[in-house]
Peer 1: 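There's a structure below that I have some questions on.
Whatever order the structure lists ligands and atoms in, that order sets their numbers, starting from 1.
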Amino acid sequence: MMASSKSNQSSNSRLQDMNSDTNDDENGELCPGFKDVDAFVKYGLGAVLSATKASAALPQAGDEYDFYRSFPGFQEFCESQGDKLLHCMSQIMQHHGCRSHMRDRNKLTGQEERFDLVVDSNDVILERVGILLDEADGVNRSQQPVMPAGFQPPKIVVSSWNRKGTGSGSRSEMFRLLHAKNVTRPQLKFKEKVDNSNTPFIPKIFIKPNATKPLPSYFTNKQIRKERPEDLDVPAALADFIHQQRTQEHVEDMFAHPYQYELDHLTIPESFLCKPVAQMYKPMDETRCSFIDTLEDLVALNEKLCKLSEFAVDLEHHSYRSFLGLTSLMQISTREEDFIIDTLELRSEIYILNEAFTDPAIVKVFHGSDSDIEWLQRDFGLYVVNLFDTHQASRALNLARHSLDHLLKHFCNVDSDKRYQLADWRIRPLPDEMLKYARTDTHYLLYIFDCVRAQLLDFNHGQPGLLQSVWNKSKDISLKKYMKPIYTEESYLELQRKQKRSFNTQQLTAFRLLFAWRDKLARQEDESTGYVLPTHMMIKISEELPKEPQGIIACCNPVPPLVRQQVNELHLLVQQAREMPLLKAEIAAQKKKGLTPIKKPEVLLFGPHDTSRVSESDLHPFSPDELPVKQGMLFSDDEHKMDVDVQKTSGLVATAKITLFEELETQNDQEPLPVPQMKARRIIESFENPFRMYLPSSNVRVNKNAKFDPSSKIFEISKRWKLQSIEQQQKELEAKRKAKEEAKEHIKKVAEERTKAKQSYQESLQNVATVRQQAAESEKGGGKKRERVVSEVGESTPKPSKKLMKSAEKPQKTEPPPQDSFKPFDYSQSDLKVFAGNKAKDNTQFDPNRQTHGFKKKRGARGQKSNIGAAGRSMSYLAGKSDS
Ligand code: AMP
Ligand code: MN
Ligand code: ZN
């Protein structure tokens, strides 16, 4: 990703250099070794592709990787390659002025930090690519006239991307960004309004040609249903949904695939299972091409299609200025003719093609039809019975690549390019280039259909098995049902998980509120969520939680129109998020990242045991007389009652160790670690004991099937290893078991000691109300390290995520309690002021408003810095991001 953005960007800036320096064209090379952008991009893509392939071919984490990792040779190789990669990545980051050094060398948290760095850098680089593309799109686009409905593609050369070539006449000179800014919304002309309601999709079909099982009455009685009282003033789907909920009728019918039965009973005609003689396509310029935008022509086309035994289909789609997306064009090619159907114009009429599309005697050839099948259902109620997908054929044939351009090159020696794929397909009239592009997508497809069928049979020595499997895969695709995006209370979490960002409570709240705002507005305005507020901007706002509306604007470049319009609403949402109480660990983490916690942090809220999350420089240097134990705050106010060895507790070294063990013991009960940490942990574990997969531990992550699968390496080696020295093996196992038992004994002992210490401490706390309350709360939080900020008691509590609640409700798995009930030690119950270097010897009562001098100063400085950052963001965003 980063590499490709880099190449995009550098080629882009390179182009600009050339543009500003037009006389400097003599050598004709874009950059050394590359004659033009095409060559450079091709090379870049090739490199990225092979790198991606290579990385996908590496042994997978979890099963084989751990095993390979137990070999020193493999380990060394991985390490040296890993170092090289890291070095390379950090060079790229530096080149872009991004933060690239690791502050945290800890194996577990370092991994996470690295990941964050990469994500940040990608953001910066992509942002820059975006800016440059915008520039290329036309720096002074604000001066462009508003285009009338009959939009014409821009003829003005605004930048290097659109620059006409200076002589060599290669294809690359025709780069044109056909991105229309002022297309009239086709939705306005739709006879049936788009239904963006938050209800499940119900098939649009109401007549079912080629049925062997009739269409359920639910779909045929649409007229009758119109008179239902609940249909007034509600979208059709919503009315249906309400009605269905009331009557509990038709539930299965409503959501079933209307052609499920026919597809289940589909048999491919014999003629399509034997080897065809490939019928050559007609040259494009000798082929008639009709543009269909009237019902009359559509009916005629349908009649023509019904007489054929196969035709090819493709769609073009627009998704930016619509919530669900719009099928904007349909291309159909027969052996003789090409047709381009304006599906925006004929949207409500396209369904008549069902007669040909669901006829099992007619093959419909698509390339990569997964989306097409859904779009046809969603927009037209169109279904496909007897589909052949050449993409599936390409996969079965194991061709080098499975894209249509590759098939075109491979079978037809046609150079196509997909540069119009992402054009705005709503524009009318369609420019010739786009029409030609659209035609190319289906024109050659029937010939390819012949070729791949012949090859599939040859590949399998004339047996139809492989060919049949492609038919089956294609049928599975045609059985796909369109699902409308449904907003639920959890939707935002799904997106957040995909982003792999960790948010604190406030940030996550902002993310949740922004997500809901965006979804609602997108449905209402019939815009894509990406148009309303792109996800990366949403993340930025959530992370920064700007204090002022202006700060929200500063997070967005360019500012989406609806954000500008509703910036005050957004600001209220961000404020609401800022009022959420932060968790202790979050404040510590924020501090680690060099940010100032937004809420007043009255105390340093991390314990000295928690060094994994805090870098050394962040820790307050204790002077000896500030040591917690000497203050006598941690376990008891009364030093006489202390029966714990001071040597053991001073500096809390001993307890820190126990925490580690406990984590190991209870980790099965805890929420799964983030992926990078999980991986890191597994690597470390396998390093500690390469043979742990043979140990009777519940933590073993080896794929069980792999062990018994005779074809797997693990099976092979495990057999060999077993034969080698069963005796030695058993000895080792015995030793391991003993060691483990001893360790357990030790844990038990220390735990007992700690319980005692804790009991006495708790007794001493009987009368301290605030701390009591807090203890009760953090006990509810279970074994999780998350603890509510003491100072925030009384504020509205954060909305707990279901996940959090679940893990909190889970019983703690601990060693059998030596005394009554054992609870892991909880630092939230101790007076944390002592860690802040506050010598409040006589003040046992916790005062949330008191602040230590040193910290206050630090916070002030940071706070100022972050303010400047937010305000200056729009001007110096990139500089603000870099750390070096
Ligand atoms: P195609 O089947 O290649 O003609 O693509 C059909 C439609 O899918 C295009 O009109 C685009 O709207 C969409 N599409 C194809 N490829 C991409 C892509 N890489 N990213 C986003 N949309 C795509
Ligand atoms: Mn397609
Ligand atoms: Zn296409």
Peer 1: Drop me the distance from Asp389's CG to Lys473's NZ, to the nearest 0.5 angstrom.
Peer 2: 11.0 Å
Peer 1: Output, by chain and residue number, all protein N/O/S atoms separated from the Zn ion (ligand 3) by less than 2.8 Å.
Peer 2: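 Listed by chain and number: Asp314 OD2, Glu316 OE2, Asp441 OD2.
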Peer 1: Identify all N/O pairs between ligand 1 and the protein with a separation under 3.5 Å and present them as a table of atom names and distances.
Peer 2:
unit_1, atom_1, unit_2, atom_2, d
ligand 1, 2 (O), Asp314, OD1, 3.3
ligand 1, 3 (O), Lys418, NZ, 3.0
ligand 1, 3 (O), Gln421, NE2, 2.5
ligand 1, 4 (O), Asp314, OD2, 3.2
ligand 1, 4 (O), Glu316, OE1, 3.2
ligand 1, 4 (O), Glu316, OE2, 2.9
ligand 1, 4 (O), Asp441, OD2, 3.0
ligand 1, 10 (O), Glu316, OE1, 2.7
ligand 1, 10 (O), His317, N, 3.0
ligand 1, 10 (O), Gln421, O, 3.4
ligand 1, 12 (O), His317, O, 2.8
ligand 1, 16 (N), Gln421, OE1, 3.3
ligand 1, 16 (N), Gln421, NE2, 3.3

Peer 1: Would you list the protein N, O or S atoms within less than 2.8 Å of the Mn ion (ligand 2), leaving out water?
Peer 2: Asp314 OD1
Peer 1: Would you say Lys436 and Met284 make side-chain contact, with heavy atoms under 4.5 Å?
Peer 2: yes
Peer 1: Can you find a heavy atom in the side chain of Phe339 that is under 4.5 Å from one in the side chain of Lys304?
Peer 2: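 Touching, per the 4.5 Å side-chain cut-off.
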Peer 1: Give a yes or no on whether the ring-centroid distance for Phe357 and Tyr383 is below 6.0 angstrom.
Peer 2: no
Peer 1: State, without any angle test, whether Thr358 and Asn210 hold a side-chain donor-acceptor pair at a distance under 3.5 Å.
Peer 2: yes
Peer 1: Is the Lys NZ or Arg CZ of Arg439 less than 6.0 Å from the centre of Tyr437's six-membered ring, within 45° of the axis?
Peer 2: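 Not satisfied by the 6.0 Å and 45° rule.
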Peer 1: Among residues at least two apart in sequence or on other chains, which ones pass side chain to side chain contact (heavy atoms under 4.5 Å, CB included) with Val414?
Peer 2: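 Residues passing side chain to side chain contact (heavy atoms under 4.5 Å, CB included) with Val414: Tyr281, Leu408, Cys412, Tyr444.
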Peer 1: Looking at side-chain heavy atoms only, is the closest gap between His317 and Ser319 below 4.5 Å?
Peer 2: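 His317 vs Ser319: side chains touch.
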Peer 1: Hey, does Glu527 have a side-chain heavy atom less than 4.5 Å from the side chain of Arg321?
Peer 2: yes
Peer 1: Given salt bridge (Lys or Arg N to Asp or Glu O under 4.0 Å), test Glu345 with Arg428 step by step and report yes or no.
Peer 2: CA-CA 10 Å; Glu345 187 65 36; Arg428 297 290 185 273; over 6 Å; no
Peer 1: Verify the ring-centre separation between Trp425 and His318: is it less than 6.0 angstrom?
Peer 2: no
Peer 1: Between Arg335 and Glu310, is there a salt bridge with N-O shorter than 4.0 Å?
Peer 2: yes
Peer 1: Does a donor on one side chain and an acceptor on the other come within less than 3.5 Å for Arg518 and Thr535?
Peer 2: yes
